[in-house]
2 protein chains.
Amino acid sequence: MATYCKFETALEIFVGKWKPVILLRLFSNGTMRFSELQRALPGITKKMLTQQLRELEYHDIIHREVYRQVPPKVEYSITAYGQRMAPLLQTMNDWGMAHLAHLNELYGEAQSTEPVERN
Amino acid sequence: MATYCKFETALEIFVGKWKPVILLRLFSNGTMRFSELQRALPGITKKMLTQQLRELEYHDIIHREVYRQVPPKVEYSITAYGQRMAPLLQTMNDWGMAHLAHLNELYGEAQSTEPVERN
DNA sequence: CGGGATCCTCGTGGATACTG
DNA sequence: CAGTATCCACGAGGATCCCG
């Protein structure tokens with residue numbers, strides 16, 4: 001009965017429009033500065049970037065290193081604990097890829113992941 | 001570079017306030033009628049239940065079987081393809097459980113999964 | 001440079017009523 | 001019973017300005 005009941009917890013980590021991309025950048029680029037992240041994520045505002053980073057930091061997924069200097073410098077990186085969720089991300093990624101292929105089989109090429117809208 | 005770039009696709013399947021619980025019920029209970037689902041999910045409206053079910057159906061995760069009779073009867077179940085995502089759900093569930101334990105270590109007991117609010 | 005504080009928009013999801 | 005159709009509330013996320 002209790003199986004699957006906590007996988008929503010995992011979801012809470014990833015929900016948020018920018019968290020997946022942020023994680024992607026940090027996982028592939030390693031340590032990044034605030035401004036680097038902002039430039040790497042076209043369209044994101046400072047507010048959102050800050051907010052999403054703080055939430056990930058709270059969950060011990062990323063580390064925030066502040067250098068006390070002028071002008072300020074803050075670097076973000078994946079924590080050791082955060083590294084341990086790489087397999088999960090990989091599994092989800094693999095499933096996502098396979099699912100896109102499955103959707104292609106069902107509905108043909110050039111299909112988005114969303115159902116077609118109808119008025 | 002392309003790694004993790006499609007795990008957002010996996011997320012799209014689960015986002016939506018009720019999809020996780022719906023999947024949970026269908027996975028554990030097998031076939032269920034519309035009204036059964038509604039009763040099993042306290043607080044859900046027919047509109048939302050219908051909408052989330054349709055989206056899952058589009059993705060070939062669940063099957064919708066309509067019995068042409070009066071009064072109508074519609075049964076929902078996990079498709080064969082849908083069954084194949086059980087391992088993924090299990091993996092996410094396991095990670096979620098472990099993560100809750102990790103948060104407990106960090107912040108102590110009786111903590112929610114969300115950062116404390118401050119005014 | 002790396003934010004915080006405000007205000008505002010817009011889409012998700014809820015409430016309610018109607019229907020084949 | 002299993003929906004659909006409308007209307008509406010609210011909160012995530014965006015725009016803008018200010019600050020150490």
Side-chain angles (χ1 to χ4, degrees), chain A residues 8 11-23 25-26 29 31-59 62-77 112-119, chain B residues 8 11-23 25-26 29 31-59 62-77 112-119:
Chain A
E8 300 187 65
L11 284 179
E12 292 183 36
I13 312 303
F14 305 117
V15 289
K17 191 174 177 182
W18 300 97
K19 280 182 198 161
V21 255
I22 290 175
L23 290 175
R25 306 313 304 207
L26 285 179
N29 292 21
T31 299
M32 292 181 77
R33 297 186 56 168
F34 186 87
S35 49
E36 281 185 291
L37 278 166
Q38 196 175 6
R39 257 178 284 112
L41 275 38
I44 197 173
T45 62
K46 294 178 181 179
K47 173 193 165 189
M48 284 313 296
L49 182 52
T50 302
Q51 182 188 111
Q52 309 271 294
L53 285 171
R54 291 293 149 82
E55 292 184 24
L56 291 171
E57 185 191 5
Y58 171 84
H59 283 280
I62 64 176
H63 172 67
R64 179 169 179 264
E65 184 73 35
V66 183
Y67 296 84
R68 293 283 296 166
Q69 62 186 45
V70 182
K73 176 180 167 185
V74 179
E75 287 184 340
Y76 293 90
S77 55
S112 91
T113 170
E114 289 307 312
V116 280
E117 314 186 21
R118 40 203 166 202
N119 298 359
Chain B
E8 301 187 63
L11 284 178
E12 292 183 37
I13 312 304
F14 305 117
V15 288
K17 192 174 177 182
W18 299 96
K19 281 181 199 163
V21 255
I22 290 175
L23 289 175
R25 307 311 305 209
L26 284 179
N29 292 21
T31 299
M32 292 181 76
R33 296 186 58 167
F34 185 87
S35 49
E36 281 184 291
L37 278 166
Q38 196 175 6
R39 257 178 283 111
L41 276 38
I44 198 173
T45 61
K46 294 177 183 179
K47 172 193 165 188
M48 284 313 296
L49 182 53
T50 301
Q51 182 188 111
Q52 309 271 296
L53 285 170
R54 291 292 149 85
E55 291 183 27
L56 291 171
E57 184 190 6
Y58 171 84
H59 283 280
I62 64 175
H63 172 68
R64 178 169 180 265
E65 184 73 35
V66 182
Y67 296 84
R68 295 283 297 165
Q69 61 185 46
V70 182
K73 174 180 169 185
V74 179
E75 287 184 340
Y76 293 91
S77 54
S112 92
T113 172
E114 289 306 311
V116 278
E117 312 186 22
R118 41 204 163 200
N119 296 1

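The structure displayed is predicted, hence computed values, not measured ones. Labels below follow one simple rule: chain letters A, B, ... track the order of the sequence lines, proteins then strands, and each chain is numbered from 1.
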Walk me through it: do A:Lys46 and A:Phe34 pass the test side chain to side chain contact (heavy atoms under 4.5 Å, CB included)? CA-CA 9 Å; A:Lys46 294 178 181 179; A:Phe34 186 87; 4.2 Å; yes

Of all heavy-atom pairs linking B:Arg33 and B:Pro72, the shortest is NH2-O, 3.5 Å

Check whether any side-chain heavy atom of B:Val15 lies under 4.5 Å from a side-chain heavy atom of A:Phe14, and answer yes or no. no

Just how far, in rounded Å, is P of C:dG2 from CZ of A:Arg64? 10 Å

Restricting to non-hydrogen atoms, name the atom on B:Lys73 and the atom on B:Gln69 that form the minimum distance, rounded to 0.1 Å. CB-NE2, 3.6 Å

In whole Å, I'd like the distance from the CG atom of A:Leu53 to the C1' atom of C:dG2. 11 Å

Nearest-0.5 Å distance, CG of residue A:Leu26 to CD of residue A:Glu75: 11.0 Å

Mind checking if A:Arg68 touches a base, just sugar-phosphate, or nothing, with heavy atoms under 4.0 Å? nothing

Please report the closest heavy-atom contact between A:Thr31 and A:Glu36, naming both atoms and the distance. O-OE1, 4.4 Å

Earlier contact from the 5' end, DNA chain D, for B:Arg33 and B:Thr50: B:Arg33

Figure out the CD/C1' separation between A:Gln69 and C:dG3, and round it to whole Å. 15 Å

Below 3.5 Å is the cut-off: list the nitrogen or oxygen pairs between protein and nucleotides 14-16 of chain C, distance only.
{"unit_1": "C:dG14", "atom_1": "OP1", "unit_2": "B:Lys17", "atom_2": "NZ", "d": "2.6"}
{"unit_1": "C:dG14", "atom_1": "OP2", "unit_2": "B:Trp18", "atom_2": "NE1", "d": "3.4"}
{"unit_1": "C:dG14", "atom_1": "N7", "unit_2": "B:Lys47", "atom_2": "NZ", "d": "3.3"}
{"unit_1": "C:dG14", "atom_1": "O6", "unit_2": "B:Lys47", "atom_2": "NZ", "d": "2.2"}

B:Glu75 vs A:Gly16, nearer the 5' end of DNA chain D by closest nucleotide: B:Glu75

I need the minimum non-hydrogen distance between A:Leu11 and B:Leu11, along with the two atoms involved. CD2-CD2, 3.9 Å

Going through the checks in order, is the side chain to side chain contact (heavy atoms under 4.5 Å, CB included) test met by A:Leu37 and A:Arg25? CA-CA 8 Å; A:Leu37 278 166; A:Arg25 306 313 304 207; 4.2 Å; yes

From CD (B:Gln52) to CD1 (B:Ile44), nearest 0.5 Å: 6.5 Å

Does any non-hydrogen side-chain atom of A:Leu56 lie less than 4.5 Å from one of A:Tyr76? no

For B:Ile22 and C:dG13, what is the distance between atoms CD1 and P respectively, to the nearest whole Å? 11 Å

A:Tyr76 near the nucleic acid: base, sugar-phosphate alone, or nothing, with a heavy-atom cut-off under 4.0 Å? sugar-phosphate

Just checking B:Lys46: base, sugar-phosphate only, or nothing, at a heavy-atom cut-off of under 4.0 Å? base

Where chain A begins and ends its contact with DNA chain D, read 5' to 3' at 4.0 Å from heavy atoms: D:dG13 to D:dG20

Please assess B:Lys19 against B:Ile13 for the test side chain to side chain contact (heavy atoms under 4.5 Å, CB included), listing each intermediate value before the final yes or no. CA-CA 8 Å; B:Lys19 281 181 199 163; B:Ile13 312 304; 5.8 Å; no

Using a cut-off of strictly less than 4.0 Å, decide whether A:Arg54 has a side-chain nitrogen or oxygen near OP1 or OP2 of C:dG2. no

What is the bend of the helix from C:dC1-D:dG20 to C:dG20-D:dC1 when you compare the axis at one end with the axis at the other, using five pairs each and rounding to 10°? 50°

